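A short write-up of the structure that comes next.
These numbers come from a predicted model, not from an experiment. Letters A, B, ... are given to chains in the order of the sequence lines, protein chains preceding strands, and every chain is numbered from 1.
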Number of protein chains: 2
Amino acid sequence: MGTTQLDTAQEPKYWHLKTVLSDALDSEFAVGEILPNERELAARFGVARATLRQALEQLELEGRLQRRRGVGTTVAPPRMGVPVDRTGHSWPGAPGDAWQPVDAATVDGGSVPAAVAEALGAGAGDTVHVVRRTRVDQGQPVAAELLYVPAGSVPGVTDATTGAVARARAVLRELQRLDLDGEERAVELGSARAEDAKQLDRLPGAPVLVVTTRYVTGGRITAVAVSTYRADTCRLTFGDHDNLAALAG
Amino acid sequence: MGTTQLDTAQEPKYWHLKTVLSDALDSEFAVGEILPNERELAARFGVARATLRQALEQLELEGRLQRRRGVGTTVAPPRMGVPVDRTGHSWPGAPGDAWQPVDAATVDGGSVPAAVAEALGAGAGDTVHVVRRTRVDQGQPVAAELLYVPAGSVPGVTDATTGAVARARAVLRELQRLDLDGEERAVELGSARAEDAKQLDRLPGAPVLVVTTRYVTGGRITAVAVSTYRADTCRLTFGDHDNLAALAG
DNA sequence: TAGTGGTCTAGACCACTCA
DNA sequence: GAGTGGTCTAGACCACTAC
């Protein structure tokens with residue numbers, strides 16, 4: 001038939017909408033610019049608000065948009081590259097470490113996540129230090145972390161140390177005395193738990209990239225870090241920065 | 001007051017639902033088991049179907065559930081660990097490469113994604129081979145990939161080679177002749193484009209982990225791979241498997 | 001053909017931000 | 001207090017799977 005763009009029919013509305021909006025973002029909007037509100041956009045495209053929201057959610061998932069309740073929807077800047085190796089996940093507390101300790105607690109091995117307990121070989125009856133840290137890049141929070149360290153790995157840390165941050169620093173100081181043999185990492189998709197969400201300035205359930213790092217010293221896993229990165233604003237980068245630097249130089 | 005569980009109030013219903021369902025999955029369901037259908041679950045919890053779906057979507061995002069249209073919702077197995085370094089992203093085509101070529105095309109440099117073109121230093125007028133590959137682990141597709149190779153990197157590949165797969169193999173064969181100096185990788189969240197979705201047996205828009213690999217040989221970036229992993233079923237693992245192997249042995 | 005999840009609607013109210 | 005995005009409802013119809 002003579003109709004030029006009829007194939008659109010078999011495509012869900014929100015998917016087509018997403019494409020249209022995406023193109024509009026490229027051509028008609030600048031980074032940081034505020035979009036019309038959802039009710040107006042929905043009316044403009046002749047769809048229900050829920051359908052429009054489905055398209056916006058996809059675009060936010062892809063890092064193209066940023067939505068804030070009570071404020072509006074803005075065009076997001078390109079994702080920032082966040083190194084997740086040497087500087088990003090060096091031996092915790094080492095110079096150049098991008099993380100700041102914010103809290104600490106000492107708990108029983110039975111109350112840490114099962115996957116962590118298994119990696120550490122810790123169970124009920126064992127003592128584990130839990131250090132909460134935060135990572136800020138370019139002025140905005142990009143990650144929240146829980147660092148699990150069995151008491152056996154850092155014998156110098158005693159109950160005498162008072163104050164959460166002081167305790168955290170004591171654990172990190174002790175960790176630095178050990179020789180790091182290697183790290184093993186895994187990345188998977190998750191949704192922010194309430195506490196992490198608050199730290200990341202997002203709503204609970206927001207999509208996050210969960211990086212699990214196992215630190216190996218002396219042939220044993222001496223610490224496990226579970227780092228929760230904002231998936232909307234972060235692009236995690238790995239390895240071989242030396243070669244890339246050589247390219248630039 | 002005397003009410004025991006009133007704090008629930010300030011929490012969104014779907015969030016609370018998700019918690020309840022998550023606990024139920026742990027205690028009352030086996031992997032692969034089929035859940036009651038959405039209409040029944042919604043009725044059972046006294047919420048609208050859309051609200052229930054919001055909870056199910058979160059659980060699917062976290063890899064706890066698997067939903068298939070026309071079939072039902074099943075309990076997902078734990079995510080599989082997928083190596084994304086030596087075996088997973090070694091020099092394309094090398095022995096032990098986990099990827100299978102499925103298609104190939106030769107396009108103009110102006111029609112590849114901007115980010116890829118920039119990394120390759122290619123633009124309109126240049127010729128770029130695009131090889132589509134697929135990665136299957138444990139019997140199911142885990143990733144789809146587009147491998148971009150400038151014609152200048154593989155001068156041995158000519159138009160004479162006919163057939164998409166044959167062309168793909170030719171490009172990979174040529175690549176192996178070069179010495180790989182290093183790789184630089186980035187991981188970010190994305191949503192599956194239509195073509196990738198089909199290859200991954202998912203619906204368009206499904207959440208995926210996009211791994212961008214830049215291959216460096218002779219101080220130049222000679223190829224760029226954009227690999228799209230199913231975020232629901234995959235946990236990407238990185239580095240230091242030697243140390244881990246030492247642990248096990 | 002029956003049953004499933006996927007899409008879509010037209011409303012309502014709530015939580016939050018900011019002037 | 002006005003305006004925003006976030007949550008929730010009670011329906012309807014569609015696309016797909018499997019029998």
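- Atom CD of B:Gln140 sits in a crowded spot, with more than 12 heavy atoms from other residues, nucleotides or ligands closer than 6.0 Å.
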**Request:** Decide side-chain hydrogen bond (donor to acceptor under 3.5 Å, both in side chains) for A:Glu62 and B:Ser191; before the verdict, give the C-alpha distance in whole Å, the side-chain angles of both, and the deciding distance to 0.1 Å.
**Result:** CA-CA 7 Å; A:Glu62 294 174 20; B:Ser191 48; 2.2 Å; yes
**Request:** Quick one: do B:Arg132 and B:Gln199 satisfy side-chain hydrogen bond (donor to acceptor under 3.5 Å, both in side chains)? Show the steps, please.
**Result:** CA-CA 10 Å; B:Arg132 177 170 282 276; B:Gln199 204 170 327; 2.5 Å; yes
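- A heavy atom lying under 4.0 Å from DNA chain C marks the following residues of residues 34-44 of chain B, by number: B:Asn37, B:Glu38, B:Arg39.
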**Request:** Please lay out, stage by stage, how A:Glu145 and A:Arg135 fare under the test salt bridge (Lys or Arg N to Asp or Glu O under 4.0 Å).
**Result:** CA-CA 8 Å; A:Glu145 179 183 84; A:Arg135 182 174 179 178; over 6 Å; no
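- Within residues 57-74 of chain B, the residues approaching DNA chain D are B:Arg69, B:Gly70, B:Val71, by heavy-atom distance under 4.0 Å.
- The aromatic rings of A:Phe238 and B:Phe238 sit parallel to each other, their planes meeting at less than 30°, with 60° as the upper class boundary.
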**Item:** Candidate pair A:Arg64 and A:Asp26, rule side-chain contact (heavy atoms from CB on, under 4.5 Å), full reasoning
**Value:** CA-CA 10 Å; A:Arg64 305 288 312 273; A:Asp26 288 331; 2.9 Å; yes
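- Residue contacts shown for A:Leu203 are limited to sugar-phosphate atoms, with no base heavy atom under 4.0 Å away.
- Of the N and O atoms on the side chains of A:Arg167 and A:Thr106, at least one donor lies less than 3.5 Å from an acceptor on the other residue.
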**Request:** Kindly determine whether B:Leu25 and B:Leu35 satisfy side-chain contact (heavy atoms from CB on, under 4.5 Å), including the steps that lead there.
**Result:** CA-CA 9 Å; B:Leu25 290 181; B:Leu35 266 61; 4.1 Å; yes
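- Within a 6.0 Å radius of CG in B:Asp108, other residues, nucleotides and ligands contribute more than 12 heavy atoms.
- For the pair A:Leu147 and A:Leu172, the minimum side-chain heavy-atom distance is below 4.5 Å.
- Scanning DNA chain C 5' to 3' for nucleotides with an atom closer than 4.0 angstrom to a non-hydrogen atom of chain B gives a first and last hit of C:dG3 to C:dA15.
- A residue-by-residue look at A:Gly46 and B:Arg202 shows that B:Arg202 has its nearest nucleotide of DNA chain C further toward the 5' end.
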